[in-house]
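Notes for the one structure printed next.
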2 protein chains.
Amino acid sequence: MTKKSASDAAELPLNRIIDGDCIEVMNGLPEASVDLVFADPPYNLQLRGDLHRPDNSKVDAVDDHWDQFASFKVYDDFTRAWLAAARRILKPNGAIWVIGSYHNVFRMGAELQNQGFWILNDVVWRKSNPMPNFRGKRLTNAHETLIWASRSEEAKYTFNYEALKALNEGIQMRSDWVLPICTGHERLKDENGDKAHPTQKPESLLHRVILGTTNPGEVVLDPFFGTGTTGAVAKMLGRDFIGIEREAAYREVAEKRLAKVRKFDKEALIVSTSKRAEPRVPFGQLVERGMLRPGEMLVSPRGKRAKVRADGTLIADDVKGSIHQVGAALESAPSCNGWTYWHFKREGKTIPIDILRQQIRSELG
Amino acid sequence: MTKKSASDAAELPLNRIIDGDCIEVMNGLPEASVDLVFADPPYNLQLRGDLHRPDNSKVDAVDDHWDQFASFKVYDDFTRAWLAAARRILKPNGAIWVIGSYHNVFRMGAELQNQGFWILNDVVWRKSNPMPNFRGKRLTNAHETLIWASRSEEAKYTFNYEALKALNEGIQMRSDWVLPICTGHERLKDENGDKAHPTQKPESLLHRVILGTTNPGEVVLDPFFGTGTTGAVAKMLGRDFIGIEREAAYREVAEKRLAKVRKFDKEALIVSTSKRAEPRVPFGQLVERGMLRPGEMLVSPRGKRAKVRADGTLIADDVKGSIHQVGAALESAPSCNGWTYWHFKREGKTIPIDILRQQIRSELG
DNA sequence: ATGAGTCCTGAATCAGAAG
DNA sequence: CCTTCTGATTCAGGACTCA
């Protein structure tokens, strides 16, 4: 037994990118040898026609061959196979992270459970700057979902509670993470200046995952390595990585990227967090929350009146619109701060609606 | 056909709470009769003895080595059965919302897809005041997941885009909703002062769902009615509801609650609508009515010119056709909204032709 | 240098009526 | 069922230009 684990460790191709199909490659690695798997598999988007922005520019969609699957059945078979291969190489106390969108994440989550993984959290990556919904036909798809699961219910998984709490300004880290998408200098470009990979993940996301659920010196394996964000962050944080990627172009970009990465010194690991701006509170939320009732009248200091509608707009005489628009129209002013302009009545008192906004903000912390 | 739909409508037990198992009850309702299903099914996979098979037999506690698989199997059977029953009673253009946590939502989402529902969005309810993780062993579980799906890929589902945008102060609504959990006076208590239901959902959540994805007068069915949040909000918003609940204690609380609910006044229920919903005005009508003269020149923002012809088409250089076709051709764009693209001149001013359309529409009332 | 203004882009299951 | 045609629709942030 001792011999086995020792030789296994020696055989592990650490800090390298392996060329090949991830299922075959994982099946060729020694079992129970990896501490964490991070997997960003194809999402199986099933896009139909082209999509244009209102300015007529075309959206550069993910239409790569590797995201095409003939059916749910084919996708499920693929998912079952790579998850089983990942589970075999995980140490008994190992864990896995997967990321996906509504196209594939439900199928992945169900299969994780079927195989005996134990879900610890589902985590929502709330994008601060998502692509809008250009046709106005659905909600802006502003998040992706990660699932964090241990290899089994009995696993003593790693969780650096205090580190994540510190990262969150001393407050316990929640299951929703607000992080920007990968743009700017961090976004890798090819020789033409186009994005090197259609779905490069931000390092901030991997930072939180690796810092929170592995210890320095442990091994993180990414079966869909792409441009190597997992490897880059693992290296910075003093973890070993194994990348598997079958597209030569991605491997090449990742190799160059990794060569430039420097491990942080310990002091640098203390992350500075930016001050948060005061959260925007839409007026509609006062209506949804029942603080104001649709049909209720608001009054201005000089006695103008308007009625609240169910969608958070106001209506007064022939004017309708937001609290700001209606206020401005009634005062024939170019603009108006509806929050201080409008008041509601409670028990004979006239109270500015801004009080209600402050109440919501205080709840948000 | 006419007879059928008329009698179906008559048979629907509107604005009532039906006692019984939701699968049986739904199977007893006429098919294609409901506009929206909102479902908050049991989350618990570990079967504390209150889960039933599709045939309504009670599930025995599982005590063997197959526990986990058997539990998922039974939960999946249950999910498959109630989703199929819900799908049968949905109108062809109907839609469904389900809510769950990581314990069950992946299995529900996969089954939705398997049955042919078409996922439109997954929505994250981000709780502003979640229960902390007391042991510090995981991330604070601070959200739940909703899935919004149409009955089929082809369904013309209802989405009140402008209303939700208004609710969010003019910015399109995203897939992550920050709302507080149900507490305070909204949280229903039993005669002992204990909470009447363990998982009562906030009305704000249902407000957004029902306002955004149904129209006034439509029918919303909730197969796991509980204390009746769905019914209460549907009533406020002028929608009809059907509730199904097999626990007498919940039905009793819900009945009392619903009796107190008042519908919002009609004017408050009129929400912002998109231009799409307004009557179509052919460009030729502006010519017929003499608002524009044949031979008159129109100009684009960037100085392109086209001449109005008597039949309501335009001609520019070698291009002729509708206002949209000529605009698209001159801009080499895949499409063009001629109403906002073309302008005419009056008294030295350049005015978009859309002004004239608005004039006609306002005459139409 | 700084700031205002412009342009570009991101895992997207993105139309519907009329003929 | 098909095809044709109208015409509605975007937020945040980084890069870049120009005064």
Side-chain angles (χ1 to χ4, degrees), chain A residues 40-64 66-69 72 99-105 125 127-145 178 180-187 189 193-195 197-202 224 226 280, chain B residues 93 113 117-122 148-150 153-157 159 161-162 165 168 170-175 273-284 312-313 321-325 327-328 333-342 353-354 357:
Chain A
D40 180 13
Y43 286 10
N44 187 23
L45 287 187
Q46 308 168 66
L47 301 177
R48 302 292 192 249
D50 288 341
L51 179 65
H52 292 86
R53 298 185 177 80
D55 65 3
N56 267 326
S57 64
K58 192 174 163 211
V59 173
D60 184 16
V62 178
D63 53 2
D64 305 75
W66 48 254
D67 197 43
Q68 308 301 322
F69 294 84
F72 281 136
I99 180 167
S101 66
Y102 64 82
H103 309 82
N104 70 325
V105 77
W125 168 27
K127 303 178 185 182
S128 56
N129 50 347
M131 180 154 47
N133 185 296
F134 296 115
R135 307 296 294 264
K137 300 307 293 180
R138 303 182 179 191
L139 302 163
T140 304
N141 198 357
H143 74 276
E144 294 188 25
T145 303
V178 181
I181 60 176
C182 184
T183 58
H185 294 301
E186 191 186 324
R187 188 82 193 219
K189 304 290 195 301
D194 299 324
K195 57 189 175 193
H197 190 284
T199 71
Q200 187 183 339
K201 297 292 175 290
F224 308 96
R280 198 175 59 87
Chain B
N93 290 330
Q113 292 180 311
F117 286 98
W118 192 244
I119 297 182
L120 300 167
N121 278 115
D122 58 334
W148 174 37
S150 58
E153 185 177 353
E154 298 74 32
K156 290 178 186 138
Y157 55 91
F159 181 51
Y161 173 75
E162 292 292 344
K165 189 173 170 179
N168 196 31
I171 295 166
Q172 67 178 200
M173 186 69 81
R174 300 168 37 119
S175 57
T273 55
S274 75
K275 285 186 190 170
R276 261 188 281 258
E278 295 184 63
R280 203 177 75 87
V281 175
F283 175 73
T313 57
S322 72
I323 51 172
H324 316 294
Q325 289 167 334
S335 71
C336 169
N337 183 344
W339 289 107
T340 52
Y341 180 76
W342 291 112
I353 59 174
D354 203 33
R357 180 171 66 161

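A quick note: this is a predicted structure, and the numbers were derived from the prediction, not measured. To find a chain, count down the sequence lines: A is the first, B the second, and so on, and within it residues start at 1.
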Sugar-phosphate only, base, or nothing, as touched by A/Lys58 at under 4.0 Å among non-hydrogen atoms: nothing

Assigned partner base of C/dA18, Watson-Crick or wobble definition, under 3.5 Å: D/dT3

Opposite nucleotide pairing with C/dA11, Watson-Crick or G-U, both atom distances under 3.5 Å: none

d(NE2, A/His52; C1', C/dG10) in whole Å: 16 Å

Sugar-phosphate, base or nothing in reach of B/Ser335, heavy atoms under 4.0 Å: base

Presence of salt bridge, A/Lys201 and A/Asp40, under 4.0 angstrom: yes

5' precedence on DNA chain C between A/His197 and A/Phe134 (nearest-nucleotide basis): A/His197

Sugar-phosphate only, base, or nothing, as touched by B/Ile323 at under 4.0 Å among non-hydrogen atoms: nothing

Sugar-phosphate only, base, or nothing, as touched by A/Cys182 at under 4.0 Å among non-hydrogen atoms: nothing

Spacing of B/Phe159 atom CZ relative to C/dG16 atom P, expressed in whole Å: 12 Å

Sugar-phosphate only, base, or nothing, as touched by B/Glu153 at under 4.0 Å among non-hydrogen atoms: nothing

A/Asp67 CG - C/dA12 P separation (whole Å): 11 Å

Touch class at under 4.0 angstrom, heavy-atom based, for A/Leu47 against every strand present: base

Touch class at under 4.0 angstrom, heavy-atom based, for A/Pro130 against every strand present: base

Separation of atom OH in B/Tyr157 from atom P in C/dG16, rounded to whole Å: 7 Å

Rounded distance in Å - CG (A/Asp50) to P (C/dA15): 11 Å

